[in-house]
Amino acid sequence: MNSAIDVEQSLSESVLTGVITHNPDIEQLRWLLSRLEQSGCRVLVVDNNSDNKLDISKLAVAHAQVDLVQSGRNLGVAGALNLMLHEAQKMGVSFIIPFDQDSRPAELAINILFQIYRALDESDKVAAIGMCVVDAYTGRSLGFTSFSFPFNRRCLGYDKNQATVQTDFLITSGCMMSLKAVEDIGNMEEALFIDSVDLEWSFRARSRGWHLLGAFSAILEQTIGQEPLKLPFCNLVVKKHNAGRYYYMTRNRAILYRRSYSNRAWVIKDSVRAILKLFVMLVIREDRFAVLKNHYLGLRDGLIYSKKKLNV
């Protein structure tokens, strides 16, 4: 058996962890950097032109294992991830594990991902292994999803014989990505800027024959959207975002709907869900006209503009 990782390589030699920041809460970031340093990995902070960049710089200096790259403009999630991948290639590591600025990985989560990868055979062709995300607002596990029609298959837990599960989609936060896989699949699509960046890359990876795994025992507490809204007269909860964010959400959905490698079951079901969610937002939000305007502009740009013409 040819291991996917050289058994002589240590975690610190193989993995670069990273954090993408934009106006972060400094105390939250301090906690995250300390947690990542505990793993023994190098840590790279990519700052997207934050207002509190001086505080971020002081914090990075105080952590011996932390390097900081400060961009003069907001590169978005995709651009910051690509910069992180570029730095990882220069360092000669085999994997990156990016995090959002408000991520809270469990103590051994990084080690768990590394050990799972070490147990894989090179022929398994695994592009990435993701942590099991727990919504910080609700405390609920999001599990891992395989898209199918009419019903998705969502795995929320595991038994003794199933430490991982194959999935069609991984969020980038807490996701151990193989640089070897990235060489074949390609970098993140920077024109998408922020929303659906991980979804697009996941679809592209699956279309090229790579597998994505979810690791149940590697826990990541993550803030999903803003404060959730409980709908009256039912048990449904929707995630609230600022009105401007709906431009990117709608635009990037429209772009992915047209991609040949996008999961067809996801396209059908997500388009219906997006319409229903828009209707709900127009009913319950006070800034409904701003929401509607951003949906319209996003849909227009997503359907009309080619990748090269996208403005972000």
Side-chain angles (χ1 to χ4, degrees), residues 20 22 48 74-85 98-103 127-128 130 133 135 142-147 152 154 167-175 177 182 185-208 210 212 214 220 222-226 238-278 281 291 294-312:
I20 299 171
H22 181 66
N48 274 329
N74 189 347
L75 301 174
V77 171
L81 282 169
N82 285 343
L83 196 157
M84 196 179 296
L85 286 165
F99 292 92
D100 294 341
Q101 63 195 26
D102 55 1
S103 299
V133 177
D135 189 328
L142 302 187
F144 301 101
T145 300
S146 293
F147 300 113
N152 293 337
R154 176 171 291 183
T167 183
D168 286 332
F169 163 61
L170 291 171
I171 70 168
T172 51
S173 184
C175 179
M177 303 172 61
V182 172
I185 300 164
N187 283 6
M188 303 295 157
E189 187 171 332
E190 294 193 22
L192 297 182
F193 194 64
I194 182 168
D195 277 291
S196 300
V197 172
D198 40 18
L199 191 61
E200 187 278 331
W201 191 85
S202 294
F203 287 159
R204 193 158 21 109
R206 297 289 291 121
S207 73
R208 296 186 66 86
W210 289 88
L212 306 174
L220 174 69
Q222 184 72 49
T223 302
I224 309 296
Q226 296 176 324
V238 294
K239 296 295 184 180
K240 181 181 178 182
H241 299 274
N242 66 66
R245 183 72 178 268
Y246 288 105
Y247 169 80
Y248 293 103
M249 294 172 68
T250 303
R251 187 199 68 174
N252 293 354
R253 273 195 177 99
I255 292 171
L256 289 190
Y257 292 165
R258 301 165 64 193
R259 296 285 171 86
S260 61
Y261 53 82
S262 291
N263 184 290
R264 291 297 100 188
W266 172 82
V267 170
I268 294 170
K269 297 168 72 171
D270 188 79
S271 57
V272 173
R273 187 181 70 88
I275 293 171
L276 294 176
K277 186 175 180 179
L278 173 59
M281 292 295 105
V291 170
N294 280 285
H295 271 283
Y296 164 73
L297 293 175
L299 182 63
R300 180 200 66 184
D301 289 354
L303 293 177
I304 295 176
Y305 294 139
S306 69
K307 184 193 303 186
K308 293 182 180 179
K309 292 181 180 179
L310 281 175
N311 295 314
V312 295

[X] versus [Y], closest heavy-atom pair with distance:
| X | Y | answer |
| --- | --- | --- |
| T172 | M188 | CG2-CE, 4.4 Å |
| G130 | L170 | N-CD1, 3.6 Å |
| C175 | A128 | SG-CB, 3.5 Å |
| S173 | D100 | OG-N, 3.2 Å |
| T167 | G214 | CG2-N, 4.2 Å |
| N187 | W201 | O-CD1, 3.9 Å |

Given 3.5 Å as the limit, does a donor-acceptor pair link the side chain of [X] with the main chain of [Y], or not?
| X | Y | value |
| --- | --- | --- |
| S103 | Q222 | no |
| N242 | G244 | yes |
| R259 | R204 | no |
| N252 | S196 | no |
| Y248 | F193 | no |

Could you check whether any side-chain heavy atom of [X] comes within less than 4.5 Å of a side-chain heavy atom of [Y], counting everything from C-beta outward?
| X | Y | value |
| --- | --- | --- |
| N294 | M249 | no |
| D198 | F169 | yes |
| L192 | V77 | no |
| N263 | R206 | no |
| L212 | F144 | no |

> What do the steps show when you test R273 against R253 for side chain to side chain contact (heavy atoms under 4.5 Å, CB included), and what is the final call?
Replying inline: CA-CA 11 Å; R273 187 181 70 88; R253 273 195 177 99; 2.6 Å; yes

Interatomic distance, [X] atom [atom1] to [Y] atom [atom2] [nearest 0.5 angstrom]:
| X | Y | atom1 | atom2 | value |
| --- | --- | --- | --- | --- |
| I194 | N74 | CD1 | CG | 7.5 Å |
| M281 | K277 | CE | NZ | 6.0 Å |
| L303 | T250 | CG | OG1 | 10.5 Å |
| I255 | E189 | CD1 | CD | 6.5 Å |

>> Would L75 and L81 count as a side chain to side chain contact (heavy atoms under 4.5 Å, CB included) here? Give the steps.
In response: CA-CA 9 Å; L75 301 174; L81 282 169; over 6 Å; no

>> Is the distance from the ring center of W266 to that of F203 below 6.0 Å?
In response: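 W266 vs F203: aromatic centres under 6.0 Å.
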
>> Restricting to side-chain hydrogen bond (donor to acceptor under 3.5 Å, both in side chains), what partner residues turn up for H22, sequence neighbours left out?
In response: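 Partners of H22 under the side-chain hydrogen bond (donor to acceptor under 3.5 Å, both in side chains) test: none.
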
>> Students often mix this up, so state it plainly: with edges at 30° and 60°, are the rings of Y246 and H241 parallel, tilted or perpendicular?
In response: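 Perpendicular, since the angle between the ring planes exceeds 60°.
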
> More than 12 non-hydrogen atoms from neighbouring residues, nucleotides or ligands closer than 6.0 Å to CZ on R264, yes or no?
Replying inline: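 Yes - once you tally the heavy atoms of other residues, nucleotides and ligands closer than 6.0 Å, there are more than 12.
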
>> Other residues, nucleotides and ligands only: do more than 12 of their heavy atoms fall within 6.0 Å of OH on Y296?
In response: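 It does not: Y296 OH has 12 such atoms or fewer within range.
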
